[in-house]
Each structure stands twice: as structure tokens, then as C-alpha cells.
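Side-chain atoms are counted along with the backbone in the values below, which use heavy atoms only and exclude waters and symmetry mates. Each chain gets a letter, A, B and so on, in the order its sequence line appears, and its residues count up from 1.
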Amino acid sequence: MLRRIVKSQDFAAAFLFLGIGAAGLWLSSDLAMGTPARMGPGFFPVVVSVGLLGTGALLLGKSCVAQTHEPMIAPVIRPLLCIIGATLIFGWILERSGLVISVVILVVIARMAESPFQPARTSLLAVAAALLSVVVFRDGLGLPLRVWP
Amino acid sequence: MIELISNLSLGFGVAFTLENLFYCLIGVTLGTFIGVLPGIGPLATISMLLPLSFYLEPVTALIMLAGVYYGAMYGGSTAAILMNLPGTGASAVICLDGNPMAKQGRAGPALVATALASFAGSVIAIFIVGLFAPLLARWALSFGPVEYFSLMVTGLLAAVLLASGSPLKGVAMVFVGLMLGLVGIDVNSGAYRFTFGVPELYGGVSFVVVAMGVFGFGEIISNVEQRWRKGVAQPKYAFGWRDLLLTRDDLRQSVLPVLRGSAVGAFVGVLPGAGTTISSFAAYAVEKQVARDPSRFGKGAIEGVTAPEAANNAAANTSFIPTLTLGIPGDAVMALMLAAIMIHGISPGPQVMTNQPDLFWGLLASMVIGNILLLILNIPLVGLWVRVLSIPYGLLYPPVVLLICVGVFSVNNSVFDIFLVAGFGVFGYVLIKLGCEPAPMLLGFILGPLMEENFRRAMILSRGDFRTFIESPISLSFLLLAAVMASWSIFSAIRKGRAKNSREPRDGNG
């Protein structure tokens, strides 16, 4: 029973909310509260953080007494890693390496999220994406992006 | 009524010239194609075309901009339905049922229904404006900070109820959204809040970054993950001409929701600040409350697409009332429109409707014309859009990741937003794992700053007396409505829980 509670979505979500609420409270501790009539910058953040803490606590209580539990599904790490990684690397090199290289790298890494890596299809997709990005984003929409390093 | 007809004929007389139609078509076409790109919405498109509009007649310029606005909104709905990528608060609502429809192979009907609903919404709104414009203007003026705050509380509660998951989690997500909305420099005191010393956060987090990360990335990652688990399963879609059209049932189920949505949109849209977004959420919540079987929502109910879309367009029409008569633009797009008006030497004010009826009614007529052109342009395009879904997912998602990255970059031309969207992507993925719906968070995020500001003003005016919220009749009725909604949902949750427990214990988080 205990194990089912710990693995339930609501239990974990409660801790996420409690964590965010606590962080909010801690981060707004430097801000002046003021009074309701003259609210300081900290007033609303504190109210919101306390609200989130309260809701998190209620959810925690509910997840412990509930008779049925929606279990969490174990994550598959590779899609998460590849897609987020591709985004981070894209952001990191975009201004240095230019649009073409960044797009090719983004597409290749993002494609690695899937299991049989298909080199031919991937390179075709990468080249097409790079070409279209230059035409649409730089020439069409006029975004300030360089094409080459 | 006669006055309405003469006003409308004046409007159509102004708007219905070959030149205006031509510019409207340009606006609608550009708007649609740019609006489909996630994150690049009406704002970017209008900013691009604004210089061109200086050389045009005021009415022509506004008609073109209105065309862009409608086209981009429709394009945004297209991206929301096909790929679960909302670029605006309104299209986040379209995601809720539009994307499930697409997953069931009904993207065609969803897209056709959006086009028809937005057309119907704008036409209905014109009649509402024509009949009740002075009343609506007065209703907008009767809203002070107290009323706004109560309206937003009600709106947030409606957002919680519209999510199909547990209400408790929905409330928590609203708080998370409110907190995200606080990031940046406090406009009143200049204090830095939740900025972690990062200069890029001083101006706050942009909506596009949050929405794209939480909806877009969350969706892509969990889709790819499901393909790992189940092997490759590309759903089969039918592309016959018949499969794109609405069935008789779809139409029957949409008529009343479109009427209700338009009415909700027309009234909420008048309120400057957050009209179009709140109207979509409110229309969705209304439909869910009146539906015979609310559990259909979130799983591809067509009313969940048509009502918010009608509301959104009706709100766009009526939001011209505060923009033109009070000089208060409802959102950034309206602000650009206002700028376009003022560049041509027309100053907004209560007299605009009587002194410049050609402008006011011409603009409203142009919105109908824009919507007609939108229908003509987009019904044939639906077949093309739907085919996007037949691209193997493995080839579809990397370009979508790219679109998200460039889209968020384009908001501030800042690489930092790309890192931020990656962070929100992880957060969105965690939320899916924990069964938390992101839609209430988005509304909290949009309304947070407005809520704080109106609460502050209300408190200053009442010298810190909280009774001010129940002394105003409008505010009191909003709060009562909120209380009724909350107690109803608690009541039905308990009843459902009892019914469920009396049967065999199954999974569920209601």
C-alpha cells in the first residue's frame, strides 16, 4: 500500500508543488511585504507561494488517503535527453556557427531520439530543413541570423 | 434595427472595394502562413506589415491588419490542432480538444469547424456590437479594479474546472502559473522578483516560451517515448474529400456552442486587458458546464473547439470598442492597430463611433470580409494541412523542434529563450508524467500580472478594506458565480468518488 502511494502521480505532484511553493517563499523573503493597502513587491509572491504550499499539502493528504492510485510511468530517458540536448546545443551554437550548421546539428541529434538511426533519411531531412530555414526565417521573416559561421 | 442596417451598409460600402479586398487577401494569406509557424504569431506579422500600411488609406491599412490578425489566429489554431503547438492563450484552449480530434484522424473536420466557427463568431459579434455598442461601452466602463480582480478569480476557477484532471492539481497549476507571471522587475517598486540575477529574465518570461515548452516539447517527447514503448505505430488517416468535411452530427453539436461562445466572447472581449484569452477559456468552461456528458471534453469533443474559437473571434470584434472608444487596447495586436489608427491622425475617444462611423463600421465590416476570405482561402488548404499528419512522425518532429527553437528566438531575438524553452520542455514532460494539465497554468501566467495590479489598485482605493470586493454588485456576482462553480465541482467530485468506490477500486484521480 505504502509503495503504491509513493509511486502515485498525486504523491509526486504534491512534492513538486510543495517544492515550488517553498522555493517561492524563500525567494520572496527579501522582498518587502507591505500592507494590503500599500502592497510591497513581496505581497503577491508570498500569497501565491502560501497558496501553492497549501494546495500541495492538501494534495499530499489526499494522495495518502485515496483508495486508488494512478501510478507514474517510468520515463524513457533517450527521447528526453536527445530532444532537450538538441535544443540546448542549437541555442548554444546558433550565433557562432550560423543557421545552416546549427540546423543540421539540431536535426541530427533530435533524430537520435529514435532507435534505428537512419543516416540517409536524416541527412536529407537536415539539408532540407537548413535550406528552408534560411529561405523562410532569414529571407522571408528577416530574423537577424547569420547563415554561415 | 434600421439604424443597424444603415450602419452595416455604410460599413460594407466603405470596406467592399477592390483595393480593400486585395489588401485583405494579402493580409489573410500572409497571416495564415506565418501564423502556422509556432511562436510567430499575429504580432510579428503585423509588425512586419505595419510600415507598408503607412502608405495606405486608414481604412485599407486597418483592413489589411485585421486580415493579418484573423489569418494569424486561424493559422495558430491550425498549428494547435495539428501539432499541439499553441502560440497564444486562445489557441491553448483549441489544443485541449482540437489535438485529440486530430489524433483520432479527424483533423479535417476540426480545421473546417474552426474556420466556420470563427466566421460565425465574428458575424454574430457584429450584430451584438451593432445592437448593443453603447451598452457594451458602458459595461466596459463600469469595470474598475475591484470588478476586474473578481472577474479574474472567476476566470481562473473556470480554467481549473475546464481541465479534465483533478481540480486540486488544477488549482496548484494556477498558482504555479501566477508565480511564473511574477518573474521580472515589479513595475511598482522596481524590485527584482524571481530573476536569479539573470538580466534576460528582468522583462519576465514570454508566453510563447512557456506555451511552446510545456505544450510543444512535452507533447513531442512523450510521443517519441510512446513509440519506444509500443514500437512504431503511425495512425492511418483517411484523406478522401468526405473525411475532411463535418458530419451532420458535428454541425448539430456545434450550433448552440457557437451561439453561446459568441455571446460569451462578445461580452468578455469588451473588457480591456485579457479579453480574447479569458473569452476562450470562459466559453470552454461554459460548454463543459452545460454539456450532458462533460467527460467527453479533452478527448476530442467538437464543442471544445468551436465554442472557444467563436468566442475568440467575437471577442476580437468587440475588443475594438474599448480600443476605439476608450483608447485602451485589449492586447498587443490591438495596440498596434491603435498605433496604425493614430498615425493616420484619428484619435480614439467616445466620439469615434459617432464622428467617424465610416471607420468604426468599415472596420467591423472588414472583419466579416476578412473572415469570408479566410474561409475561401482555408477550406481548400485543409486537405493540405491534414496531409502534414501523414508524414512519418520520425520525419515530422525534428523540424517541429526546429520551428519551436526559431519561434521562441524570434520573440526577443534572444538565444536565452531557446535555453528557457528547453527548461520548460523538461517541466512539461514532468507534468505529463505527474498527470498535471498545463492549461490552467497558462491562464494563471497570463492573468497573474493583471490580477496583482488590479488587486493593488482595489486595495489602495479601499484603503485595505477587503469588503470592497463584496460591496460592488458586479464583483459580488462574479465571486458568487465562482463559489457556485467551486462547490458544484466539489459536490460532483465527491459524488463521483462515492460511485467509484462503491464499485471495484480502479485507477483514477478524480
Contact origin within Ala86(A) toward chain B - heavy atom pairs under 4.5 Å: neither
Using heavy-atom distances under 4.5 Å, tell me whether Val108(A) contacts chain B through its side chain, its backbone, both, or neither. neither
Side chain, backbone, both or neither: which part of Leu402(B) has a heavy atom under 4.5 Å from chain A? both
Region of Leu31(A) that comes under 4.5 Å of a non-hydrogen atom in chain B: side chain
When you measure from the side chain of Lys433(B) to the backbone of Ile73(A), do you find a donor-acceptor pair of N or O atoms at a distance under 3.5 Å? yes
Side chain from CB out, backbone as N, CA, C, O: work out which of these in Arg38(A) comes under 4.5 Å of a heavy atom of chain B, or both, or neither. neither
Go through the atoms of Leu16(A) and report whether side chain, backbone, both or neither lie under 4.5 Å from a heavy atom of chain B. side chain
State whether the side chain of Tyr397(B) and the backbone N or O of Ile83(A) hold a donor-acceptor pair below 3.5 Å, judged by distance alone. no
If one checks every heavy atom of Ser133(A) against chain B at 4.5 Å, the contacting part turns out to be side chain
With a 4.5 angstrom heavy-atom cut-off, is it the side chain or the backbone of Leu80(A) that approaches chain B, or both, or neither? both
I would like to know whether Cys436(B) and Phe17(A) meet side-chain contact (heavy atoms from CB on, under 4.5 Å); could you show each step before the answer? CA-CA 11 Å; Cys436(B) 298; Phe17(A) 296 138; 3.8 Å; yes
Side chain, backbone, both or neither of Leu106(A) within contact of chain B (heavy atoms, under 4.5 Å): side chain
Quick check: does any side chain N or O of Arg227(B) sit under 3.5 Å from a backbone N or O of Glu114(A), one acting as donor and the other as acceptor? no
Segment of Phe43(A) engaging chain B (4.5 angstrom heavy-atom cut-off): side chain
